[in-house]
Amino acid sequence: MKEPVIRGAGLAGALAYAAAIGWLYVAQPQNPAQVTGGLAAIVGAYHVDAQAFADGLQFFRKDQFVEARAAFSRADPAERDATTQFYIAYAFYREGWGRVYNDDTLFTAGLAAVDKAIALAPNGRVVVPDPDLQMHSADELRAELQRGVTRDASDLNPLKVFRTRK
Amino acid sequence: MTALREAVVIPLLFLTSILMAATDVGPRVTVGPPSLFSLVLATLLVGTLVRCGAVAPARLLHTDRAMLANANGFVVVATLFASAAQVMSMLTPQTGLPMLFVSVFLFVLLLNTWVAMPDAVRLLRSLAVTLGSALVFKFVILDGLAAPATSRTARVLAALFDVATLGTVSQPPRPAIAGYMAFLTVVLFLAGVSLLPRPRSGGSALMPR
């Protein structure tokens, strides 16, 4: 093989390898699915599993939130889709919501998921026009989750029991 | 040095060692950048390699070389520095007195080597011993202390040791694979360093020949 070809191929390979390492520094993937999904997303080859997403929506609408999250996670194993992450966060919200008190653990997990959705969306704007939802944007959902984990005097207001789940 | 070695083999060795050194296989797998102090150590190490003739920068970057060859040379130099920084960061314990001890240990040894100016072969031997010692200290001795105790007596001794040292020595426990990965990383780094072009006889490290 000619020397310029080796040098050119070596340079391109080294730059691609270095870029992949740089991406790992930034993205911090936690499992092989996130690594492959993230790299596929860079070249535009990543797609959400439509069937698993539909299963997730079905569970979500029947208030089976654990099952819904499992299906949504299967639909988006690399956690690269903002809409799926939004639904996962919403499932945490609805499961954690309580008339007297909220489940802090679920709300905190919901906050992490909605933050992921916001980070993934172009310009950080996530809007889901689903008529079944009462909060259509990630900003509303994030604010609601944040309110849920914040301790203040309004927690002692007895009229809180009349509020409704969104 | 052949084009294959300069353009493919050495960058591959260094980039792989960067990736492996950056990967922390704790309870969560994270990929972390090198610490600030490890950048200082890497600068010292690369300077020592040049000073002792273990690498000749002029054989990697020079006006006599073609642009593509210089680009390959730049990749080698950049990955050497990044790999050195990442390996130093990997070998330094994360917290407490051991972090201070190993940082000072590596700094003094590299400074001593810089001043002593051994030839390239002796430098590589010295580097292997230095990196090997740091690896044994962090991944064998400290991990042995941090490993979950199996018996009640061992747990009591570990608790007493922690109290006696005010918790400044014990490190977070690490899975066994971390040590194997660190060993392979150091081997890849040393292999890469040993393949670097050296000054031709009669030339200095900063002259092409």
Side-chain angles (χ1 to χ4, degrees), chain A residues 1-43 46 69-70 73 76-80 85 88-89 92 105-106 108-117 119-120, chain B residues 1-35 38-39 59-61 65-83 85-87 89-90 181 185 188 192 195 197:
Chain A
M1 203 184 285
K2 287 182 179 174
E3 187 179 317
V5 177
I6 295 172
R7 287 191 178 279
L11 183 64
L15 291 178
Y17 197 170
I21 293 172
W23 175 78
L24 288 172
Y25 277 128
V26 176
Q28 297 288 334
Q30 296 296 304
N31 54 50
Q34 289 183 11
V35 174
T36 51
L39 293 175
I42 288 171
V43 295
Y46 182 73
R69 283 197 299 273
S73 297
D76 182 23
E79 300 174 4
R80 303 289 308 173
Q85 293 306 311
I88 289 174
F92 277 122
T105 310
L106 291 171
T108 306
L111 266 176
V114 78
D115 281 342
K116 208 174 285 175
L120 288 168
Chain B
M1 185 168 64
T2 63
L4 184 69
R5 188 196 285 190
E6 185 184 328
V8 179
V9 178
I10 296 177
L12 187 67
L13 286 170
F14 284 144
L15 285 167
T16 306
S17 74
I18 291 170
L19 178 61
M20 290 180 71
T23 306
D24 185 4
V25 284
R28 285 176 71 237
V29 177
T30 55
V31 182
S35 64
S38 64
L39 295 178
R59 291 187 62 195
L60 293 166
L61 288 163
R65 287 161 56 93
M67 190 184 281
L68 189 57
N70 272 332
N72 290 138
F74 175 77
V75 167
V76 170
V77 174
T79 54
L80 166 66
F81 179 78
S83 179
Q86 201 71 69
V87 167
S89 195
M90 176 193 75
M181 279 180 66
T185 305
L188 289 175
L195 291 175

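Lettering follows sequence order; numbering is per chain, from 1.
- The candidate with the highest count of non-hydrogen atom pairs below 4.5 Å against chain A, out of B/Thr23, B/Val9, B/Asn72, is B/Asn72.
- Between the CE atom of B/Met20 and the CD1 atom of A/Ile21 there is a distance of 11.5 Å, given to the nearest 0.5 Å.
- The contact between B/Pro11 and chain A is made entirely by side chain atoms (from C-beta outward), counting heavy-atom distances below 4.5 Å.
- Contact record, B/Gly32 with A/Tyr25: O-CE2, 3.2 Å, taken as the closest heavy-atom pair.
- In the displayed structure, B/Phe74 atom CZ is contacted under 6.0 Å by at most 12 heavy atoms of other residues, nucleotides or ligands.
- Ranked by non-hydrogen atom pairs under 4.5 Å with chain B, the options A/Leu15, A/Val26, A/Leu24 are led by A/Leu24.
- Taking every heavy atom of both residues into account, A/Tyr17 and B/Thr16 meet most closely at OH-OG1, 3.0 Å.
- Chosen from B/Leu15, B/Val8, B/Thr30, the residue pairing most often with chain A at heavy-atom distances under 4.5 Å is B/Leu15.
- Taken from CD1 in A/Ile6 to CG in B/Leu68, the straight-line distance is 11.0 Å, to the nearest 0.5 Å.
- Between chain A and the options B/Ala69, B/Ala82, B/Ala78, B/Ala71, heavy-atom pairs under 4.5 Å are most frequent for B/Ala69.
- Scanning all heavy atoms of the two residues, the minimum distance from B/Val75 to A/Ala14 falls at CG1-CB, 3.8 Å.
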